[in-house]
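Residue numbers start from 1 in every chain, and the chains themselves are labelled A, B, ... in the order their sequence lines are given, proteins ahead of strands.
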Amino acid sequence: MPKETQIIEAEGIAVEISHPEKILYPEAGLSKMDLVRYYTAAWPYLKKFGMGRPLAIKRYPHGAGGDSFFQKNKPHNAPEWLTSRLLGLEKKADYIILDKLATLLWLVNLDSLEFHSALVAAPNYDKPNLLAFDLDPPPGSTFPEIRDFALACRPIIEGFGYRCFAKTSGKRGVHICCPLPAPQSFEQVFNAAKEVATTIIEKIPGCTLSLKKEDRPDKILIDIYRNHPYQLMVLPYSTRATPNASVSMPLSWEELGRLEDAGVFDVGTVVEKLKKGKDEWEEYYPK
DNA sequence: GCTGCTG
DNA sequence: CAGCAGCAACGCCCT
DNA sequence: AGGGCG
Ligand SMILES: [Mn+2]
Ligand SMILES: [Mn+2]
């Protein structure tokens with residue numbers, strides 16, 4: 001154990017943070033401990049969506065801007081309290097399950113700068129409990145363009161009977177999440193997403209379902225493939241590996257409508273907003 | 001960040 | 001003993 | 001069979 005290792009207590013579990021002052025975001029000057037503090041502050045909100053979900057983490061051992069890799073299997077050296085479960089179509093990947101703050105912080109110690117999850121949650125590990133529309137802007141477009149597209153999608157999606165909530169992706173896009181009253185199969189959920197998206201394509205110009213780049217040089221991709229089995233979406237309140245440590249931020253539709261730049265939500269501003277604001281996704285969660 | 005393999 | 005590789009996944013679409 | 005796509 002490195003000399004400068006610090007022990008953090010999270011809900012009664014001790015988590016070792018090695019090199020707590022290691023800089024993970026050089027441009028923003030944020031250390032590993034800064035990230036520990038961010039996730040501790042965001043946890044009461046993050047857990048409302050993330051609790052019980054299988055994780056995939058994106059790790060940056062040399063900080064944002066350095067080499068990175070995805071990891072979904074539980075590391076061999078994980079502590080005994082870290083929950084995991086064999087999932088996937090072949091049930092062969094040992095996914096980390098997000099069921100406590102200590103899990104998040106133990107993964108931060110491994111230089112995880114992004115937390116992604118599948119659309120399923122305990123105890124229904126085979127059935128998604130939401131529908132996801134990942135709106136991916138074309139290169140060179142501005143945030144107001146993808147913002148206005150999301151706003152135009154809302155009444156169409158609601159017309160199919162879904163409630164829908166928006167968040168920034170933390171990078172350039174917008175995610176629309178539709179909670180399901182009861183979990184449905186991946187096949188049902190994907191077919192539903194495709195039906196809705198096909199209507200969006202008919203009603204709004206400039207968007208496509210095709211992943212092929214040549215089909216969409218300047219079109220918005222409605223990425224419904226997040227709804228395929230065990231595909232991933234970045235969690236609400238997850239940081240991203242951007243220079244300013246931007247965050248995937250859940251918003252009210254009113255606040256999204258006023259937003260000119262998604263980059264204003266970062267590790268610093270989000271904690272301030274949470275301190276005084278209410279959770280803009282309050283209505284997402286059943287009472 | 002850490003383990004396990006390879007030279 | 002030190003240096004270094006590995007650390008994800010789905011299905012669709014195309015060659 | 002293999003690569004690109006997100
Ligand atoms: Mn290293
Ligand atoms: Mn996206």
- Task: Looking at every strand, decide which applies to Tyr230(A) at a 4.0 Å heavy-atom threshold: base, sugar-phosphate, or nothing.
- Result: nothing

- Side chains of Thr142(A) and Glu145(A), donor plus acceptor under 3.5 Å: yes

- Carboxylate-amine/guanidinium proximity below 4.0 Å for Asp279(A) and Lys48(A): yes

- With the side chain defined as heavy atoms from C-beta on, Leu89(A) is closest, among dC2(B), dA8(C), dC10(C), to dC10(C)

- Ionic contact status for Lys127(A) with Glu187(A), cut-off 4.0 Å: no

- Separation of dC12(C) atom C1' from Leu221(A) atom CG, nearest Å, is 13 Å

- Query: Rounding to a whole Å, what distance do you find between Lys194(A):NZ and dG11(C):P?
  - Reply: 15 Å

- Item | Base-pairing mate for dG7(B) - Watson-Crick or G-U, with both contacts under 3.5 Å | dC1(C)

- Query: Is Arg147(A) close enough and on-axis enough to Phe149(A), meaning under 6.0 Å and within 45°, for cation-pi?
  - Reply: no

- Message: By the 4.0 Å heavy-atom rule, please label Lys32(A) as base, sugar-phosphate, or nothing.
- Response: sugar-phosphate

- Candidate list Ile224(A), Ile222(A), Leu209(A), test side-chain contact (heavy atoms from CB on, under 4.5 Å), partner Thr198(A), passing option: Leu209(A)

- Query: In whole angstroms, how far is the P atom of dG11(C) from the CG atom of Asn191(A)?
  - Reply: 14 Å

- Nucleotide nearest Pro229(A) when distance is taken to its side chain, options dC7(C), dA8(C), dG11(C): dG11(C)

- Atom P, compared across dC5(B) and dA8(C): separation rounded to whole Å: 16 Å

- Could you state the CD-C1' distance from Gln71(A) to dC7(C), rounded to the nearest angstrom? 5 Å

- Task: Establish, from distance only, whether the side-chain atoms of Tyr60(A) and Ser112(A) form a donor-acceptor pair under 3.5 Å.
- Result: no

- Tell me which of Leu232(A) and His228(A) sits closer to the 5' end of DNA chain C, going by the nucleotide each one is nearest to. Leu232(A)

- Note on the structure: Counted 5' to 3', the first and last nucleotides of DNA chain D within 4.0 Å (strictly under) of a heavy-atom of chain A are dC5(D) to dG6(D)

- Spacing between His76(A) atom NE2 and dG4(B) atom C1', to the nearest angstrom: 9 Å

- Could you tell me the separation between the NE2 atom of His116(A) and the P atom of dC7(C), rounded to a whole number of Å? 18 Å

- Item | Salt-bridge contact Asp99(A)-Arg85(A) (side-chain N to carboxylate O under 4.0 Å) | no

- Query: Between Asn73(A) and dA8(C), is there a side-chain N or O to OP1/OP2 distance below 4.0 Å?
  - Reply: yes

- Round to the nearest Å and state the distance from Arg59(A) atom CZ to dT3(B) atom C1'. 11 Å

- Query: Between atom NE2 in His62(A) and atom P in dC2(B), what is the gap in whole Å?
  - Reply: 12 Å

- Rounded to whole angstrom, note down the P distance from dG6(C) over to dG3(D). 16 Å

